2 protein chains.
Amino acid sequence: MTVETTEQPASVKRRGRYANGLQRRDEFIDRAFEIFATHGFQRLSLRKIAEELGVSHAALSYHFPSKEDLLQAVFDRQAERDRPLLEQSLAERGLLAALPELVRQNEDFPGLVQLDATMQAEAIRKDHPGHEFTHRRIDLFNADVRRELEREQEKGRLRTDLDLDLTARQLTAMARGLQMQWLYDPTVDVAAHLDGFLAFLRA
Amino acid sequence: MTVETTEQPASVKRRGRYANGLQRRDEFIDRAFEIFATHGFQRLSLRKIAEELGVSHAALSYHFPSKEDLLQAVFDRQAERDRPLLEQSLAERGLLAALPELVRQNEDFPGLVQLDATMQAEAIRKDHPGHEFTHRRIDLFNADVRRELEREQEKGRLRTDLDLDLTARQLTAMARGLQMQWLYDPTVDVAAHLDGFLAFLRA
DNA sequence: GTCTATACTGTGATAGAC
DNA sequence: GTCTATCACAGTATAGAC
């Protein structure tokens, strides 16, 4: 993967001699996204990434105060990309029916799923810069799933004797764990396992 | 945590000027185990660990070719320690009844649970030195759980309409994911969530 | 405001003295 | 078997070009 440094996309607006800062940052995120998704990120130093982008590693540091910030930005970008499809699927068909598709959506980017898994494991440390963010993210996901379960229950598609807080956490935990096992063995059918669990919950 | 460097335990046999190699390595593993379990390991460099042990970082590198090897050795040591209690619990009461205790066993060492989670995430990379080992470990755990489920089924304590391969993976995946959420929020009751899932499986 | 050049500190690894 | 010395490379910080 080599990069043309002499040419810039015509779409990049200029302000004086250099590209617009926010657009430039955005471009870096997008390209880093592709690099991470393909090559993973563990063995990539800031210097290597910068080399791929055709700039010095200091230029990267200018846009992203720390390596952690770059990883976080890439990760946020993925969340932004996923959200529209996610919300559409939920609105149209509800959590239970949309689940296989949501899983498949992740399967196209194993590098990012691994990035996610590793970041979540590393951010367990209380003094990690992404700790609070990740913790809140887990809670929000649980709350989202709980709400979806509630909706399904109201529609009479779910058993009424469930502790939804408990069930939601069981579901998100299982999804995480399955994703992990899938990373080690692509033949693991994440959707099928989740669907099997949902079968226990159906009315 | 400071270390006396002038004195050595009387139990350490000498061979010439220095301690016996294998015993020394063993001692290092045990003490590193304690350090990791208490302090975590992420921010610990080989130099810091060596300082705690009262030797130079090069001495550690002699016993463990790479940092990865040290972590692996510590992790193996944990597995060795856990196995007897695990097997005894399984033999006496079976998986379903022993589960809460097994979970509690891990809860005493959050540092090691995090070590485990992080190592497993990092070892996803195919070129990671611990990749094959970790992959095999996941498979073995799934197989163990599957066998236990089979035994429970034979005793009539489990539904007979289960796909045990699927169920075993659901169970191990959920356990992993719950452990992760517990690391972020110690109020998460891992055993209760697992037990709730097992309730679906009971005959 | 954005970049390059450069230096600082700390890392894991290794060679060779003892 | 353990040490000191040294290495290449990491992330970070800053000075100054433009």
Side-chain angles (χ1 to χ4, degrees), chain A residues 3 5-9 12-29 31-32 36 40-74 118-119 122 125 127-130, chain B residues 3-9 12-29 31-32 36 40-74 118-119 122 127-130:
Chain A
V3 175
T5 59
T6 49
E7 288 188 356
Q8 295 287 343
V12 174
K13 304 297 184 299
R14 297 297 181 141
R15 182 165 63 188
R17 211 179 154 265
Y18 299 104
N20 177 292
L22 288 179
Q23 282 190 14
R24 192 84 166 118
R25 190 188 134 99
D26 239 49
E27 183 200 337
F28 282 169
I29 296 175
R31 309 217 356 234
F36 289 170
F41 72 105
Q42 308 246 43
R43 281 286 180 255
L44 288 181
S45 65
L46 286 180
R47 282 166 173 82
K48 292 263 174 59
I49 298 167
E51 193 182 345
E52 294 286 342
L53 299 177
V55 292
S56 73
H57 67 279
L60 252 180
S61 287
Y62 169 75
H63 292 283
F64 308 94
S66 78
K67 186 179 186 179
E68 202 64 46
D69 287 297
L70 173 58
L71 297 179
Q72 189 66 59
V74 169
T118 313
M119 283 183 73
E122 284 180 350
R125 272 176 38 225
D127 62 338
H128 188 285
Chain B
V3 175
E4 299 293 334
T5 59
T6 49
E7 288 188 355
Q8 295 288 343
V12 173
K13 303 298 183 300
R14 298 297 181 138
R15 183 166 63 189
R17 208 172 156 268
Y18 298 104
N20 177 291
L22 288 179
Q23 283 189 13
R24 192 86 165 116
R25 190 187 134 98
D26 238 51
E27 183 198 338
F28 282 169
I29 296 175
R31 307 214 0 230
F36 289 169
F41 71 105
Q42 307 245 43
R43 279 288 181 250
L44 288 181
S45 65
L46 286 181
R47 281 169 174 80
K48 291 265 174 59
I49 299 167
E51 192 183 346
E52 294 287 340
L53 299 177
V55 293
S56 75
H57 69 279
L60 250 183
S61 286
Y62 168 76
H63 291 284
F64 308 95
S66 79
K67 187 179 186 179
E68 203 64 46
D69 286 299
L70 172 58
L71 296 180
Q72 189 66 60
V74 169
T118 313
M119 284 184 72
E122 285 179 350
D127 62 337
H128 188 285

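Within every chain, numbering begins at 1; the chains are lettered A, B, ... in the order of the sequence lines, protein sequences first and strands thereafter. From a predicted model like this one, the values you see are computed outputs, not experimental measurements.
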Checklist entry - Between the base of C:dG12 and the side chain of B:Arg47, is there any donor-acceptor pair under 3.5 Å? => result yes
Checklist outcome for this item: Taken to the nearest whole Å, NZ/A:Lys67 to P/D:dA10 is 9 Å
Next on the checklist: Which nucleotide wins on minimum distance to the side chain of B:Ser45, given the candidates D:dT14, C:dG12, D:dT2?
Outcome noted: C:dG12
Checklist entry - Should A:Leu22 and A:Asp26 be marked as a side chain to side chain contact (heavy atoms under 4.5 Å, CB included) after you check the CA-CA gap, both sets of side-chain angles, and the distance that decides it? => result CA-CA 6 Å; A:Leu22 288 179; A:Asp26 239 49; over 6 Å; no
Next on the checklist: Determine whether A:Leu71 and A:Phe64 satisfy the following criterion, side chain to side chain contact (heavy atoms under 4.5 Å, CB included), listing intermediate values before the conclusion.
Outcome noted: CA-CA 9 Å; A:Leu71 297 179; A:Phe64 308 94; over 6 Å; no
Item to check | Distance (rounded to the nearest 0.5 Å) between B:Leu60 CG and B:Glu52 CD | outcome: 11.5 Å
Next on the checklist: How many whole angstroms separate atom CZ of A:Phe28 from atom P of C:dC3?
Outcome noted: 5 Å
Item to check | Under-4.0 Å side-chain N/O to phosphate OP1/OP2 contact, A:Arg24 with C:dG1 | outcome: no
Next on the checklist: Check this one for me: any side-chain N or O of A:Tyr62 less than 4.0 Å away from OP1 or OP2 of C:dC3?
Outcome noted: no
Next on the checklist: Once you measure the plane-to-plane angle for A:Phe28 and A:His63, does it fall in the parallel (<30°), tilted (30-60°) or perpendicular (>60°) bin?
Outcome noted: perpendicular
Next on the checklist: From CD1 of B:Ile49 over to P of C:dG12, roughly how many Å is that when rounded to an integer?
Outcome noted: 8 Å
Checklist outcome for this item: Rounded to whole Å, CZ of A:Phe64 lies from C1' of D:dT12 at a distance of 16 Å
Checklist entry - For B:Leu46 and D:dC9, what is the distance between atoms CG and C1' respectively, to the nearest whole Å? => result 15 Å
Checklist entry - With a 4.0 Å cut-off on heavy atoms, is B:Ser61 in touch with a base, just the backbone sugar-phosphate, or nothing at all? => result base
Checklist entry - Under a 4.0 Å N-O cut-off, is there an ion pair linking A:Arg24 with A:Glu27? => result yes
Next on the checklist: Expressed as a whole number of angstroms, how long is the span from A:Gln23:CD to C:dC3:P?
Outcome noted: 12 Å
Checklist entry - Can you tell me how far P of D:dG11 sits from CD of A:Glu122, to the nearest Å? => result 12 Å
Checklist entry - Is a donor-acceptor pair below 3.5 Å formed from side chain A:His57 to base D:dT12, judging by atom type as modelled? => result yes
Checklist entry - Using a cut-off of 4.0 Å on non-hydrogen atoms, how would the nucleic acid contact of B:Ser56 be classed: base, sugar-phosphate, or nothing? => result base
Item to check | For atom CD of A:Glu51 and atom P of D:dG11, their distance in whole Å | outcome: 13 Å
